[in-house]
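Shown next, in structure tokens, is the structure this report addresses.
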Amino acid sequence: MSSHSDLLVAQIQGAIARAIERGDLIGSVPANIPLERPKNRDHGDYASSIALQLAKLAGKNSREVAELLKKDLEELPEVATVEIAGPGFINITLNRASQADLVRTILNAESGYGQGSALAGVKINLEFISANPTGPLHLGHTRWAAVGDALGRVLSAAGATVTREFYINDRGNQMDLFGQSVQAAAFGEAIPKDGYKGEYIIDLAKSVVAQNPKITDLPASERLIAFRESAYQLQLRDQQRVLETFRTNFDTWFSERSLHDGGSVEHGLDKLRKQGHVFEVDGATWLRTTDFGDDKDRVLVKANGDLTYFSSDTAYYINKRERGFDICIYMLGADHHGYIHRLKAISACAGDNPEYNIEILIGQLVKIMEGGEEVKLSKRAGTIITLEELVEKVGVDAARYTLIRYPVDTPMVMDIDVLKRNTNENPVYYVQYAHARIAAVLRNAAELKIPSGLENFDPAQLNHDRENKLLGSLAEFPRVVAGAAELREPHRVARYLEELAGVYHGFYADCRVLPMGDEPITSLHSARINLCAATLQVLKNGLELLGVNAPERM
RNA sequence: GCGCCUGUAGCUCAGUCGGAUAGAGCACUCGCCUUCUAAGCGAGUUGUCGCAGGUUCGAUUCCUGCCAGGCGCACCA
């Protein structure tokens, strides 16, 4: 993916090196050259403020420094003009035809356009949702289902090997309480206090009994376990089914129990002991997480011999690392932000680098508004609205897109009424509409038998301002994907697509693509059709990264 | 008390590495469909980037303090 920006950066670095050799500049060549696409079109296709940074060190006026670099840039065949503006900005305008050649790059790369290699060779474990198998997935899980899945796609696009993992919290008191609740429902008894309520418990009880009618005859001790285990399996399968319809697929469903049954917890404890961060007080076994920024030490084994949930966490982290993952990403809800320090401390206690091997992303809350009021009721779960209910209301595409388009560290409000609307207010339709519109143009072009292959593509034809702007946006895509992966922020892809859709609509309004009436067919028509096809490809690739459909017709 | 997150237009929000005149959508005003999807396009109006300092050529962005809001601080899971 060699882009114009890479080319320009390399040329600027070369120019600086030559200037240093001549003695015009002192110091070394900076590794990072600032190069941006200016908001203002008068500032060229690309602009760099490098001269302002170098001026200090060189003891020269920054405009003088810019002049030193100007000639070298002008030598590039791809560059049309170089201007020095303001305090010393270098504004670069590309040769139109060379910029239009991007269409060729995109159409040849197809779905590969936008893929990069920044994370090549890095094995990432991406853990998200990780709900208890004791009830339906609700709104909080839904945000992660959408964002986590999109992040997985974006990281893969950056070259990483990604494993999506769902940690099943299938151990502990909650499971027992769950079993008791389902059993009580089966016998029509009162749900134990602090037990699970909601219609789904009754449905589960019916399913469990239907599956195994003899369950009610079992002796009490066996019966409770049987209820718990059957209901667990049914509820887990229900979560899997719902996630599948939401287009969120996991590579690994990791059971907390398996950590204990497989000896991973003991193994983890051993490892931490060897690292020297385990101690005993009051009969309990502790991990000295305060050595690494936690505000208090944490108990691994209680005085009564029981293992804490925290012990599972440590064992799980160590297990992930031993499975070969370089980076373990945890996506947690806002109510778990207190876990950041202790999880980082686990990594440090295990002898890893907590700045690299472990990352914790915290997602803030989601609220749903409908008819001007907050929606809280859920028929199924009794309290909070479920993933399935949200999808029933607005569909998978709108739900996924809306959840992804905001940074996760800010609380968000989903307005159901807006999501049902098919207008500009609803960004998912805006982007999808652009895709469908282009698809229609290409269908018509094929029908008119206009030569449209790349062999008929003359980049020099594309010199309208709108075409130029569209090409500029298309060129940004690989950079946007790389940035989204690096910063773990898939919403950047969504925002980019909205901008691209807007730029396309502008082009469409001013640049007629197909011949009118009996107008003769020219190479401009062919060129524009190729530009449309390239835009279609980028919209499609972008939507694919979000797991949102790119419809051919709307 | 300690910790995490947030504060940008009337509303909902973008704005990685500090850059030129801080951007979208909605709302409001006005234009554009007898030929490619008007679910669209164009033009206009809207700001003490929470407050106060600091760092520097330059701060919405980085640092410190304060104010306001959300959330969390178990030998629960």
Side-chain angles (χ1 to χ4, degrees), chain A residues 32 34 36 38-40 42-43 47-49 52-53 55-56 61-62 85-89 91 132 134 169 171-175 177 256 281-286 294-296 298-304 306-310 312 333-341 360 362-365 369 405-413 415 418 421-427 429-430 432-434 436-445 447-448 479 482-484 486-487 489 491-492 494-495 498-499 501-502 504-517 519 528-529 532 553-554:
Chain A
N32 289 320
E36 58 168 18
K39 294 161 209 149
N40 188 334
D42 296 338
H43 297 151
S48 179
S49 59
L52 283 79
Q53 284 179 20
K56 237 180 301 182
N61 175 308
S62 42
F89 289 103
N91 294 338
N132 294 329
T134 54
N169 290 123
R171 196 174 164 278
N173 301 344
Q174 294 304 311
M175 289 302 292
L177 207 50
E256 184 188 353
V281 166
D282 299 336
T285 305
W286 300 66
D294 199 1
D295 54 349
K296 58 189 82 162
R298 306 287 166 181
V299 174
L300 290 164
V301 187
K302 298 185 212 171
N304 67 9
D306 286 353
L307 292 161
T308 60
Y309 189 79
F310 182 68
S312 296
D335 53 340
H336 284 69
H337 70 246
Y339 284 53
I340 297 176
H341 286 138
I360 295 130
I362 296 295
Q364 297 294 323
L365 303 175
M369 304 293 286
R405 90 183 267 271
Y406 298 95
V408 289
D409 52 11
T410 122
M412 68 166 289
V413 179
D415 190 327
V418 167
R421 234 169 270 163
N422 298 345
T423 68
N424 222 341
E425 286 171 78
N426 191 354
Y429 283 106
Y430 186 75
Q432 288 183 319
Y433 179 70
R437 195 180 218 189
I438 298 171
V441 171
L442 296 179
R443 276 195 301 272
N444 296 338
E447 204 160 300
L448 292 170
R479 230 197 221 205
E486 188 191 332
L487 298 163
E489 292 184 347
H491 78 272
R492 287 168 185 277
R495 298 291 172 160
E498 289 165 33
E499 193 197 315
Y504 180 80
H505 288 314
F507 156 81
Y508 181 90
D510 286 355
C511 297
R512 175 83 200 183
V513 177
L514 301 176
M516 300 224 268
E519 184 189 338
R528 284 183 172 167
I529 288 166
C532 286
R553 294 171 201 272
M554 286 176 81

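Here is the naming used below: chain letters follow the sequence lines, and residue numbers restart at 1 for every chain.
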Walk me through it: do A:Q364 and A:T410 pass the test side chain to side chain donor-acceptor pair (under 3.5 Å)?
CA-CA 6 Å; A:Q364 297 294 323; A:T410 122; over 6 Å; no

Check the distance between B:rA27's C1' and A:R421's CZ and give it to me in whole angstrom.
12 Å

When the distance from OH of A:Y504 to P of B:rA38 is rounded to whole Å, what number comes out?
10 Å

Quick one: label A:N426 by what it contacts on the DNA or RNA (base, sugar-phosphate, nothing), any heavy atom closer than 4.0 Å.
nothing

Which nucleotide, if any, forms a Watson-Crick or G-U wobble pair with B:rG47, using both distances under 3.5 Å?
none

Provide the distance between the two P atoms, one in B:rC63 and one in B:rG7, to the nearest whole Å.
14 Å

For a quick check of understanding: with a heavy-atom distance under 4.0 Å over all strands, which category does A:R298 fall into, base, sugar-phosphate or nothing?
nothing

From B:rC75, B:rG40, B:rA74, nucleotide with atom closest to A:K296 side chain:
B:rA74

OP1 or OP2 of B:rU35 less than 4.0 angstrom from a side-chain nitrogen or oxygen of A:N444, does that happen here?
no

With P as the reference atom in both, quote the distance from B:rU64 to B:rG18 in angstrom, rounded to an integer.
16 Å

Honestly, is A:R171 close enough over A:Y309, meaning NZ or CZ under 6.0 Å from the six-membered ring centre and within 45° of the axis?
no

Might you list the N or O atoms of the protein lying below 3.5 Å from N or O atoms in nucleotides 12-20 of chain B, with each pair's distance?
{"from": "B:rC13", "atom 1": "O2'", "to": "A:R495", "atom 2": "NH2", "distance (Å)": "3.2"}
{"from": "B:rG15", "atom 1": "OP1", "to": "A:H491", "atom 2": "NE2", "distance (Å)": "2.7"}
{"from": "B:rU16", "atom 1": "O4'", "to": "A:R492", "atom 2": "NH2", "distance (Å)": "3.4"}
{"from": "B:rG19", "atom 1": "N7", "to": "A:S49", "atom 2": "OG", "distance (Å)": "3.1"}
{"from": "B:rA20", "atom 1": "N6", "to": "A:N91", "atom 2": "OD1", "distance (Å)": "2.8"}
{"from": "B:rA20", "atom 1": "N1", "to": "A:N91", "atom 2": "OD1", "distance (Å)": "3.2"}
{"from": "B:rA20", "atom 1": "N1", "to": "A:N91", "atom 2": "ND2", "distance (Å)": "3.2"}

Rounded interatomic separation in angstrom, taking CD from A:Q364 and C1' from B:rG70
7 Å

When the distance from CG of A:D409 to C1' of B:rC71 is rounded to whole Å, what number comes out?
14 Å

Separation between the P atoms of B:rC67 and B:rU12, rounded to whole Å:
25 Å

Pair assignment for B:rG1, Watson-Crick or G-U wobble, requiring both distances under 3.5 Å
B:rC73

Nearest to the side chain of A:R443 - B:rU37, B:rC36, B:rC71?
B:rU37

The residue, A:Y433 or A:E256, whose nearest nucleotide of RNA chain B is more 5′ is A:Y433

P spacing across the pair B:rU21 / B:rG25, given as an integer number of angstrom:
22 Å

Heavy-atom nearest pair, A:A47 first then A:H43, reads CB-O, 4.2 Å

When rounded to the nearest 0.5 angstrom, what distance separates CG in A:L442 from CD in A:E447?
12.5 Å

Using nucleotides 54-56 of chain B, report all nitrogen or oxygen pairs with the protein that are shorter than 3.5 Å.
none

Which base sits across from B:rA9 as a Watson-Crick or G-U pair, both distances under 3.5 Å?
none

B:rC33 glycosidic conformation (syn if within 90° of 0, otherwise anti) is syn

Against the side chain of A:R437, the closest entry in B:rC36, B:rC76, B:rG40 is B:rG40

Spacing of the C1' atoms in B:rA68 and B:rA59 (rounded, Å)
23 Å

Provide the Watson-Crick or G-U wobble partner of B:rA14, both distances under 3.5 Å; none if there is no partner.
none

Base, sugar-phosphate, or nothing: which does A:N169 touch, judged by heavy atoms less than 4.0 Å apart?
nothing

Can you tell which of B:rC76, B:rC36, B:rC71 lies closest to the side chain of A:N173?
B:rC76

RNA chain B nearest-nucleotide lookup for A:L365 and A:V299: closer to the 5′ end is A:L365

Could you tell me which non-hydrogen atom of A:A434 sits nearest to which non-hydrogen atom of A:A501, and how far apart they are?
CB-CB, 3.8 Å

How far does the P atom of B:rU35 sit from the matching atom of B:rA43, given to the nearest Å?
23 Å

Find the partner of B:rA20: check Watson-Crick (N1-N3 plus N6-O4 or O6-N4) and G-U wobble (N1-O2, O6-N3) distances, both under 3.5 Å, and reply none if neither fits.
none

What's the spacing between A:R479 CZ and A:E486 CD if we round to 0.5 Å?
12.0 Å

Phosphate oxygens OP1/OP2 of B:rA74: is one of them under 4.0 Å from a side-chain N or O of A:K302?
no

For A:H505 and B:rG40, give me the distance from atom NE2 to atom P, rounded to whole Å.
7 Å

Side-chain heavy atoms of A:L307 within contact of A:L300, under 4.5 Å
no

Which one, B:rU35, B:rC73, B:rC36, comes nearest to the side chain of A:M516?
B:rU35

Using whole Å, what does the distance between atom C1' of nucleotide B:rC33 and atom OH of A:Y508 come to?
10 Å

Taking B:rC49 as the reference, what is the distance to B:rU60 when you measure between their C1' atoms (whole Å, please)?
5 Å

Taking B:rC4 as the reference, what is the distance to B:rC62 when you measure between their P atoms (whole Å, please)?
15 Å

Considering the options A:T308, A:V299, A:V301, which one meets the side chain to side chain contact (heavy atoms under 4.5 Å, CB included) requirement together with A:T285?
A:V301

Remember a base hit wins even if backbone is also touched, and classify A:A303 as base, sugar-phosphate or nothing at under 4.0 Å, heavy atoms.
base

Look through every strand shown and name the nucleotide pairing with B:rC32 as Watson-Crick or G-U wobble, where both distances are under 3.5 Å.
B:rG40

d(CG, A:L448; P, B:rC36) in whole Å
11 Å

With respect to the side chain of A:R553, which nucleotide from B:rU37, B:rC75, B:rG72 is positioned closest?
B:rU37

Atom pair CZ (A:R492) and CD (A:E489), whose distance is rounded to the nearest 0.5 Å:
4.5 Å

The reported gap from NE2 in A:H341 to NZ in A:K296 (rounded to nearest 0.5 angstrom) is 13.0 Å

Rounding to a whole Å, what distance do you find between A:Y430:OH and B:rU37:P?
17 Å

B:rU55 -> Watson-Crick or G-U wobble partner, both distances under 3.5 Å, gives none

Taking a pair to mean Watson-Crick or G-U wobble geometry with both distances below 3.5 Å, B:rU61 pairs with none

Looking at A:Y504, I'd like to know if the NZ or CZ of A:R437 sits under 6.0 Å from its six-membered ring centre while staying within 45 degrees of the ring's axis.
no

Aromatic ring centroids of A:Y433 and A:Y430 under 6.0 Å?
no

Interatomic distance, CG@A:L365 vs CG@A:D335, rounded to 0.5 Å, equals 7.5 Å

